[in-house]
There are 2 protein chains.
Amino acid sequence: MKSNPTAHDVARLAGVSQSAVSRAFTEGASVAPATRERILAAARELGYRPNAIARTLITRRSRIVGLVMSYLENQFYPLVIERLSQALQRDGYHVLLFISETADADAILADILQYQVDGIVMASTTLSSGLAHDCAEAGIPVVLFNRVAQLGAMGRFSTSSVTSQNREGGRLVGEMLVRTGHRRIAWLAGQENASTSLDREAGLCEALADAGLSLHARGVGRYDFNEARRAVMELFADPADRPDALFAANDHMAIAALETLRADLGLRVPEDVSVVGFDNVPQAAWPSFALTTVQQDVDSMVEATRNLLFEQIEGEVMARSETVPCVLVERATVQARRN
Amino acid sequence: MKSNPTAHDVARLAGVSQSAVSRAFTEGASVAPATRERILAAARELGYRPNAIARTLITRRSRIVGLVMSYLENQFYPLVIERLSQALQRDGYHVLLFISETADADAILADILQYQVDGIVMASTTLSSGLAHDCAEAGIPVVLFNRVAQLGAMGRFSTSSVTSQNREGGRLVGEMLVRTGHRRIAWLAGQENASTSLDREAGLCEALADAGLSLHARGVGRYDFNEARRAVMELFADPADRPDALFAANDHMAIAALETLRADLGLRVPEDVSVVGFDNVPQAAWPSFALTTVQQDVDSMVEATRNLLFEQIEGEVMARSETVPCVLVERATVQARRN
DNA sequence: CTGAAAGCGCTTACAG
DNA sequence: CTGAAAGCGCTTACAG
């Protein structure tokens, strides 16, 4: 295990100063083309690669972004990891990943901070106001992905966020369900305090109110597959008072609902009940599900995240929230009812 | 954006030297308890956190592990990310993530190397022998996850790996299929050069040979959902010569097969054809699929990876390959045939 | 265009 | 137990 060659080794071999070596590897630094060639050749010979850690120490730019996630079972998040990581790689950035199952996102973040990350993306977790304060103090941009800052006591340290237009998405579904003659519409919530769930529900309820309707029933699945199945069993327990449509706060739960409706309750979708989800994960398109859903535009969300991050890393711009439109994708789980 | 407090700031406030501050934050360093208390208090007051980058420079231990993946659509990989990342976090390590869609894993790895990672895990990608050489030279342990080193020209730089007992897994399926009376067994391969696909196929063929049988047909799905669907269409194109069982190299393709068989070919599973997968991803258990499959024990694989990594980081131990047993999980996609 | 020097924020022998 | 000093591998003014 011999240690890596350093800029000094290269300098010696190329017959230049160590500073010259550094310049040869720095975009736009002033080096004579011939010198640079000689240095690069020497570097190649020794297998030299600049030490990014040493560079970070002095430039105070690690080109690392911390990504905090809590669970990957919902296929939407692997997609986010994939796209975000690729987008960042294109800019020469890298993703330091943190999985926080429990609520100790704070301990984990304290950890991240030690690594001098240039920014933090929080998906499927929220930042405590204490840490939000620390990040703001330290000038580390934070963007909340698919969730919105909770304004707590320390609400003034506002954090950037990117979300879909969840309320509009919920409204779209509500309007479509009303238009197709549904009258007993049930809502399957995610986490009770998640902005995504809250906003989608608000949109749905608005659309219902416009039609003089209100929620027929309401269950809570906490964005969990098994919780969702349990909630659906309850929602459909009374055969005399069944919903004619179920709108789930995400596809993951909508699929759980589909499975439960068919396998456990012996109901047909869409003949007996219509089902709608949110996200448009890859499985929603599988023939077994053919789920009608609202598409979250991952690419646009990732792009917005990248931009928000970089504009804050580069400048001193304030936190800002961005919102991405979403569209209804109609497949086969909704059927018009005649009343 | 004021910059973070340093050990010097803390030292000044606590009235000690900067070295003392460093010791207060170093496990087992010799500091008087009272001094340490005073320092910790000062640090808390200033919001000081040791700079992990500076520490890395001097200790030559980044506590960062590079994880290289190529695509996350197959649910098996998000599971791996989640478990591996959690296991490493428990040891105070962090995961730097790299998504390499194309074959330019080399460029990406060169990138990782700059970050002075303490080790590298390669999943769903293989390491070129050139880079394997570099890593060995630099003393950076590499472990291949779910794939095995290709012995090329530079084969002497062997790389550690952890895999399931793929051949045995394939054999298990072959024996079960034979035992249940199947005679026209088709194989749906993954990537043609992937050790997982090759080994599982070899195991299957062994079991068939033992029964005096051989493969009835063979398709290639390249571990891709749509490729798999296409391959299944071909495999079942001739109604007069249909396989009575299909074994896919992973669940992702087995599910694709299920969808195609039912939705496009109007066949019933298991009545018309039996289907078996490999991995036991969460979806395999969903009622719509109830897929019979071979379970890869992710937790044991992750544990083995962690151990292999650490024994190499700590000592000078040689590369080693570890193999994890797998078991057949029988669900509802296989039906006995009477001939 | 190039080199000598200072310094990024730490850890770690070395004395005391 | 504690401090002064050297040094990890770089970048970046500053002179020339």
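These figures come from a predicted structure and were not determined experimentally. Here is how names work: the chains are called A, B, and so on, in the same order as the sequence lines, proteins then strands, and each is numbered from 1.
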Restricting to pairs with a member in residues 24-56 of chain B, which pass ring-ring contact (aromatic ring centres under 6.0 Å, His included), not counting sequence neighbours?
B:Phe25-B:Tyr48
Taking any atom closer than 4.0 angstrom to a non-hydrogen atom of chain B, what span of DNA chain C does the protein reach, first nucleotide to last?
C:dG9 to C:dA13
Not counting sequence neighbours, list each pair that qualifies as a ring-ring contact (aromatic ring centres under 6.0 Å, His included) and has a residue in residues 55-85 of chain B.
none
Base, sugar-phosphate, or nothing: which does B:Val21 touch, judged by heavy atoms less than 4.0 Å apart?
nothing
Can you sort out the partners of B:Leu13 under side chain to side chain contact (heavy atoms under 4.5 Å, CB included), two or more places apart, ordered by chain and number?
B:Ala42, B:Glu45, B:Leu46
Identify, with sequence neighbours excluded, every residue that meets ring-ring contact (aromatic ring centres under 6.0 Å, His included) alongside A:Phe98.
B:His94
Using a 4.5 Å cut-off on heavy atoms from C-beta on, say whether the side chain of A:Ile81 contacts that of B:Leu72.
yes
Got a sec, which residues hit side chain to side chain donor-acceptor pair (under 3.5 Å) with B:Ser321, two or more places apart in sequence or on another chain?
B:Ser161
Strictly below 4.0 Å, heavy-atom distances to any atom of DNA chain C: list the hits from residues 25-45 of chain B, or just say none.
none
With sequence neighbours excluded, residues passing salt bridge (charged side-chain N to carboxylate O under 4.0 Å, His left out) with A:Asp91
A:Arg306
Strand DNA chain D in bracket notation, Watson-Crick/G-U under 3.5 Å with | for pairs to another chain:
|||.||||||||.|||
Please identify each residue that fulfils side chain to side chain donor-acceptor pair (under 3.5 Å) with A:Asp299, with sequence neighbours left out.
A:Arg83
Taking salt bridge (charged side-chain N to carboxylate O under 4.0 Å, His left out) as the definition, give me every residue that meets it alongside B:Glu73, ordered by chain and number, with sequence neighbours left out.
none
Run the side chain to side chain contact (heavy atoms under 4.5 Å, CB included) test against A:Gln191 and tell me which residues pass, sequence neighbours left out.
A:Asn193, A:Ala194, A:Arg222, A:Tyr223
Quick one: label B:Arg23 by what it contacts on the DNA or RNA (base, sugar-phosphate, nothing), any heavy atom closer than 4.0 Å.
base
